[in-house]
Amino acid sequence: MTELTKTRVAAGVVLRAVSRGRRLDLALDEAVQGFSPRDRRWVQEASYGAVRFRGRLDFLLNLHLHDGLASVSGAVLDLLRLGAYQVLYMDGVPSYAAISQTVEQIKGLAGGGGGRMANGVLRSLHREGGEMARFPSFQEDPKGHLRTWGSHPAWMIERWLERWGPAEVNALVSFNNSPPPLSLRPLGVTLEEAFSLLANQGRGGRPAGPGIPCIILDDGTDPAQILNQVPGIIQDPGAALVTVFAQASPGQVWGDLCAAPGGKALALAGEGAYVLAADRSLTRLLLLKEGHDRVRGKLSLVVALAQNPPFRELPNVLLDVPCTGTGTLRRHPDARWRLSLETVERLARLQGKILQAGSRLVPRGGVLVYSTCTLEPEENQNQIEAFLLKNQEFSLAGGGKVGSEFLDEKGCLSVVPQKTGFDGAFAARLVRDR
């Protein structure tokens, strides 16, 4: 009997938790408590890879399962995906070890018959490989190719193809399937000072681009070590551009009504604003407080519902609303499998309520910034168009500090991953004229 390694056991636990609805990043953190950094990295690579490439792996597994994917239980399928990812795509993992370990894991769930099935399927996969040539052709069947080789759900691919066409969607899918870099947004120090502090620790990075207050850190950088040395937050340039677009000034008062986990609230405070950070979750607000303890700025925390805020008036309001997050799928690969058209519709209804509630706090001359990290029009442009039809006392005002390459034709922030190389982001800056 093969003795199971704790890393493979942990990776299996992560995948099972994700299948039950747990967020991948949280499931990973729970499964690797007490692991060495090396073992944690292995579990992360295996579990994230099996989730990210689930569509690709399922296509291949279906070719080798006699009665298809439906013939195995969800728990067994999770382990088959994990084994297949190791065999096909994890460099440095001996195929015999991946196969024997997966067989033992599945025997524990489905007995000897399950183990024999897993052995046959994984050995066949190892012989035949997982190259692109085994999948639907991009030229002849772009939807089939992007769904299987590209590993995205069909409903998502269909709506993106209608909007952008095959070449651009292929670029977006490739972006989502690439490992995200680590980006630092310094707060309370300039970029030049931050680079100097990094150099003092023997660390490096590169500027994210003109007008973007972020440093793309070198691969292998430990974020916890960096944050101990450089005041700031870990934030993708796409998210950082939202607060640049907001044009906060020192001394201004801002209400961030959907504040947790806090990156944008901390960034506003870092610009010298006084921020009332509200969120429905006390637990998430406490995480925000931990971040605030590392950086400068004036910030107060309030537990509140964004659709029923406990404020009479706020001169500036940020609504970074709950959204489907389809602009951040490279960081959250499990989200692509949790989402559905119904999720888009449900969140769009909630966003409309939050937008209307937040607008009631803004006095004449005040600013309302609505933002998301999704690519879906129902949550972005359509929300703003519907709001302006009902609330003609507001008008769009552009973000003068943001480069034109990040603005759409109406002056809204529009960070599109396949065009910018950053996580997706949308923001509209609205001014109350009367």
Side-chain angles (χ1 to χ4, degrees), residues 181-201 203 205-217 221 223-279 284-302 314-320 366-373 399-403 406 413 415 422-423 425 427 429:
L182 198 64
S183 173
L184 172 71
R185 179 173 186 170
L187 296 174
V189 295
T190 66
L191 283 178
E192 291 74 17
E193 290 169 335
F195 274 115
S196 178
L197 290 169
L198 287 172
N200 290 341
Q201 301 301 315
R203 302 293 182 180
R206 59 180 173 82
I212 304 172
C214 291
I215 297 170
I216 307 298
L217 297 168
T221 301
Q225 290 182 359
I226 292 301
L227 292 176
N228 283 333
Q229 303 299 326
V230 184
I233 54 176
I234 299 300
Q235 187 176 61
D236 185 84
L241 281 167
V242 172
T243 48
V244 175
F245 180 80
Q247 299 186 54
S249 300
Q252 284 185 339
V253 175
W254 280 79
D256 183 350
L257 303 189
C258 308
K264 294 181 180 67
L266 294 175
L268 289 171
E271 296 288 335
Y274 171 60
V275 182
L276 289 165
D279 198 89
R284 284 161 57 84
L285 278 176
L286 293 176
L287 292 175
L288 195 164
K289 183 180 183 302
E290 289 180 15
H292 183 239
D293 290 343
R294 294 195 310 268
V295 299
R296 306 169 189 173
K298 297 178 180 179
L299 185 144
S300 296
L301 306 179
V302 182
L314 289 168
N316 303 283
V317 172
L318 171 64
L319 301 173
D320 187 40
V367 172
L368 174 66
V369 176
Y370 172 92
S371 72
T372 75
C373 58
K401 296 182 179 179
V402 172
F406 302 118
L413 181 74
V415 184
F422 303 144
D423 287 356
R429 188 171 180 271

Can you tell me which residue pairs pass the salt bridge (charged side-chain N to carboxylate O under 4.0 Å, His left out) test with a partner in residues 233-262, sequence neighbours excluded?
->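 Found D236-R330, D236-R331.
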For S249 and Q252, indicate whether the former's side chain and the latter's backbone hold a donor-acceptor pair under 3.5 Å.
->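 No, the answer is negative, given that no donor and acceptor are paired below the 3.5 Å cut-off.
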Heavy atoms, side chains only, cut-off 4.5 Å: are L299 and L266 in contact?
->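 A side-chain contact exists here, since the closest heavy-atom pair is under 4.5 Å.
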Look up atom OG1 in T221 and atom CG in L184, then write down how far apart they are to the nearest 0.5 Å.
->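 Output value for this atom pair is 9.5 Å.
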Going by the rule side chain to side chain contact (heavy atoms under 4.5 Å, CB included), which residues pair with [X] if we only count those two or more places apart in sequence or in a different chain?
X	answer
S371	V242, K264, L318, D320, A427
L191	P186, I215
K298	Y274

For V302 against L285, the heavy-atom pair lying closest together |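 Closest heavy-atom pair between V302 and L285: O-CD1, 3.3 Å.
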Non-hydrogen atoms of V275 and A269 that approach each other most closely =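 Scanning both residues completely, I find the closest heavy atoms to be CG2-N, 3.7 Å.
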Can I get a per-line list of side-chain donor-acceptor pairs under 3.5 Å for residues 228-235, giving both atom names and the distance, sequence neighbours left out?
from : atom 1 : to   : atom 2 : distance (Å)
N228 : ND2    : A224 : O      : 3.3
Q229 : OE1    : Q201 : NE2    : 3.2
Q235 : OE1    : R185 : NH1    : 3.2

Take R203 and I226, measure what side-chain contact (heavy atoms from CB on, under 4.5 Å) needs, and give me the verdict at the end.
-> CA-CA 9 Å; R203 302 293 182 180; I226 292 301; 3.8 Å; yes
Can you name the side chain to side chain donor-acceptor pair (under 3.5 Å) partners of R429, sequence neighbours left out?
->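 Side chain to side chain donor-acceptor pair (under 3.5 Å) check on R429 returns nothing, list empty.
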Please list, chain by chain and in numerical order, all residues satisfying side chain to side chain donor-acceptor pair (under 3.5 Å) with Q247, sequence neighbours excluded.
->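 Not a single residue meets the side chain to side chain donor-acceptor pair (under 3.5 Å) criterion with Q247.
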